[in-house]
**Student:** 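Please see the structure below; I have some questions.
Atoms within a ligand are numbered from 1 in the order they appear, just like the ligands themselves. Values below: all heavy atoms of this structure, side chains included; hydrogens, waters and symmetry mates excluded.
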Amino acid sequence: MPEQTTDESTFTAGRPRHAEYVDNPVNAAMARVLDDVRREDHPGAVADYIPELAKADPEQFGIASVSVTGRSYGAGDYRTPFSIQSMSKPFVYALALQHLGADAVGERIGVEPSGEAFNAISFDQSGRPENPLINAGAIVSTSLTPGDDGAERFAHIQAGLSAFAGRDLEVDDAVYRSESGTAFRNLALAALAKSTDALRVPIEDALDPYIRQCSLLVDAHDVAVMGATLAYGGLNPITGVRVVDAAVARHTLSVMTGCGMYDRSGAWMCSVGIPAKSGVGGGIVAAAPGEYGIGVFSPPLDEAGNSARGVAVLQRLSSEFGLHLLNRPMTPVSAVESVSADPASGRVTLRVRGELDFVAVEQVVHEALSAGQAQSCTTMVLDLTDATRVSTVSAYLINQLAADIGYGVRLSITDPSGLLADPVR
Ligand code: GLU
């Protein structure tokens with residue numbers, strides 16, 4: 001019987017209640033979390049600032065997740081289409097970063113959690129929007145994507161967001177028309193950005209593609225793939241297409257960590273702790289770096305404009321599945337797979353495994369130095385056959401070890417994949 005380490009109230013042993021999901025325990029666990037949240041009271045109201053959004057069915061509720069290894073799971077209404085709205089913002093921001101680089105984008109948009117609502121008049125003293133993930137900053141992000149006019153810019157955005165999702169995303173025309181007929185506040189935000197030169201293209205060439213990007217139709221599975229692409233360093237784990245560079249993905253996730261949930265971003269980080277972005281269509285995209293993308297859909301919004309059940313389900317998932325970003329293992333898995341000594345030849349072999357980052361190599365260096373002290377050791381073999389990746393600092397430390405191991409010991413390295421010669425940052 002495996003040891004039970006998860007929350008006992010949810011994962012009691014026995015037959016799963018969801019016969020339709022017994023094919024896969026992960027689906028069954030997600031369905032159970034969804035059902036528990038559905039039975040609780042999470043007050044919220046469907047967005048009604050445009051008529052099209054007000055038509056959403058408040059009972060719809062779905063969740064999907066996609067691992068960075070490309071495995072997909074889902075429960076509830078995870079194949080129901082809805083408009084992406086503000087969840088487009090981190091992805092368009094990523095496209096702007098990819099096009100111009102972080103320094104040029106940083107001259108026009110800050111990276112600070114503004115602690116304000118999605119449509120706030122939020123600019124710093126120089127007139128630069130502070131937060132790329134609320135409307136003022138997002139309209140400027142849209143203006144920083146490639147293209148000579150709004151149509152070209154939107155074509156680039158549509159292709160880019162489709163690459164994140166791994167399928168061609170289409171605009172919901174009714175949502176687009178509804179939004180563009182009433183976009184007076186966004187027009188005002190764009191005009192303010194224009195007045196300070198944060199926006200350097202004609203207002204229409206930023207506002208129109210911005211409204212179109214918000215109207216793209218997705219489902220929770222698409223959103224999970226998009227999140228997984230950021231979580232996987234910009235590489236779509238389903239299609240294998242690199243959408244943005246790893247540094248761009250990390251920068252985008254950093255901004256999502258601090259700014260993604262309107263004026264509840266701080267509370268979100270404490271209670272959920274996964275970089276995320278919500279949208280007024282009722283979606284939330286969350287991206288756990290190196291692990292999962294998660295998409296949630298439930299239209300009723302709480303007072304801050306975040307999906308009420310979406311927040312609740314991600315809180316549960318984070319605590320019960322242990323997904324909080326800062327929930328790091330207290331005892332890292334040892335990178336040293338085995339240490340074997342052959343006293344007759346004086347050889348000691350250290351077999352190491354997995355990703356050799358700083359934490360892993362510190363363990364390897366420590367083990368190598370203590371094994372090297374043995375009287376009989378004349379040659380230390382560092383066998384990297386089972387290593388998958390060597391970071392630059394690790395390569396540096398292994399080379400230092402080779403130079404300094406001391407005790408008259410010679411270090412010999414077995415590195416069939418040439419990882420040391422080509423370390424990654
Ligand atoms: N299209 C919406 C707007 O710009 C997006 C708002 C949101 O999802 O936060 O008003």
Side-chain angles (χ1 to χ4, degrees), residues 44-56 81-93 109 113-122 129-143 150 153-154 157-158 161 169 171-193 199 203-204 206-218 220 222-223 226-227 255-256 259-265 268 276-286 295-308 310-311:
V46 171
D48 59 1
Y49 75 96
I50 56 169
E52 272 312 301
L53 289 181
K55 291 182 189 162
F82 61 100
S83 55
I84 190 169
Q85 299 296 342
S86 261
M87 285 186 298
S88 61
K89 291 171 183 169
F91 300 99
V92 173
Y93 180 63
I109 322 168
S114 43
E116 291 179 295
F118 74 97
N119 58 4
I121 300 171
S122 179
E130 294 196 272
N131 176 347
L133 301 187
I134 62 173
N135 294 9
I139 294 167
V140 176
S141 289
T142 299
S143 78
R153 229 163 252 134
F154 181 66
I157 289 171
Q158 186 171 22
L161 267 55
L169 301 180
V171 166
D172 181 327
D173 275 323
V175 171
Y176 167 70
R177 281 197 306 274
S178 209
E179 184 103 42
S180 60
T182 54
F184 307 115
R185 195 170 171 104
N186 284 333
L187 178 64
L189 292 172
L192 283 170
L199 184 66
I203 289 177
E204 253 328 277
L207 192 57
D208 187 67
Y210 167 78
I211 295 170
R212 285 182 199 275
Q213 84 189 39
C214 290
S215 313
L216 286 168
L217 279 176
V218 288
D222 295 326
V223 171
M226 297 174 85
V255 170
M256 289 165 76
C259 309
M261 299 299 283
Y262 307 119
D263 43 349
R264 295 286 187 282
S265 297
W268 172 267
K277 178 72 197 100
S278 59
V280 294
I284 300 179
V285 55
V296 180
F297 169 55
S298 165
L301 309 179
D302 64 17
E303 286 168 352
N306 297 313
S307 166
V311 170

**Student:** So which atom in Met261 and which in Val311 form the shortest heavy-atom distance, rounded to 0.1 Å?
**Tutor:** CE-CG2, 4.3 Å
**Student:** Would you please classify the geometry between the Phe297 ring and the Phe82 ring as parallel, tilted or perpendicular, with 30° and 60° separating the classes?
**Tutor:**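 Rings of Phe82 and Phe297: parallel, under 30°.
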**Student:** Do me a favour and list the nearest non-hydrogen protein atom to atom 2 (C) of ligand 1 with residue, atom name and distance?
**Tutor:** Tyr49 OH, 3.0 Å
**Student:** Return the residue, atom name and 0.1 Å-rounded distance of the protein heavy atom closest to atom 5 (C) of ligand 1.
**Tutor:**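 In this structure, atom 5 (C) of ligand 1 has Gln85 OE1, 3.3 Å as its nearest protein heavy atom.
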**Student:** In sequence, state the C-alpha distance, the side-chain angles, and the governing distance for Arg153 and Arg212, and then conclude on side chain to side chain contact (heavy atoms under 4.5 Å, CB included).
**Tutor:** CA-CA 11 Å; Arg153 229 163 252 134; Arg212 285 182 199 275; over 6 Å; no
**Student:** With backbone taken as N, CA, C and O and side chain as the heavy atoms from C-beta onward, which portion of Asn186 lies under 4.0 Å from ligand 1: side chain, backbone, both, or neither?
**Tutor:**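 The answer is the side chain.
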**Student:** Ligand 1 and Gly279, any nitrogen or oxygen pair closer than 3.5 angstrom?
**Tutor:** no
**Student:** Would Ser88 and Gln213 count as a side chain to side chain donor-acceptor pair (under 3.5 Å) if you check the C-alpha gap in whole Å, the side-chain angles of each, and the deciding distance to 0.1 Å?
**Tutor:** CA-CA 7 Å; Ser88 61; Gln213 84 189 39; 3.2 Å; yes
**Student:** Please tell me if the side chains of Tyr262 and Asn306 come closer than 4.5 Å, counting only heavy atoms from C-beta onward.
**Tutor:** yes
**Student:** Examine the proximity of ligand 1 to Asn135 and report which part, side chain or backbone, both or neither, has a heavy atom under 4.0 Å away.
**Tutor:** side chain
**Student:** Any N or O on Ser86 sitting closer than 3.5 Å to an N or O of ligand 1?
**Tutor:** yes
**Student:** Can you list the ligand 1 atoms lying under 4.0 Å from a non-hydrogen atom of Cys214?
**Tutor:** 1 (N)
**Student:** Which one of Tyr262, Tyr210, Phe118 has a non-hydrogen atom at the shortest distance from atom 4 (O) of ligand 1?
**Tutor:**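 It is Tyr210 that holds the nearest heavy atom.
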**Student:** With heavy atoms under 4.0 Å as the rule, classify the contact between Met87 and ligand 1 as side chain, backbone, both or neither.
**Tutor:** neither
**Student:** Grab the two heavy atoms, one from Ile84 and one from Met226, that are nearest each other, plus how far apart they are.
**Tutor:** CD1-CE, 3.9 Å
**Student:** Please identify which of these residues, Pro90, Pro113, Ser86, meets the side chain to side chain contact (heavy atoms under 4.5 Å, CB included) condition with Leu133.
**Tutor:** Pro90
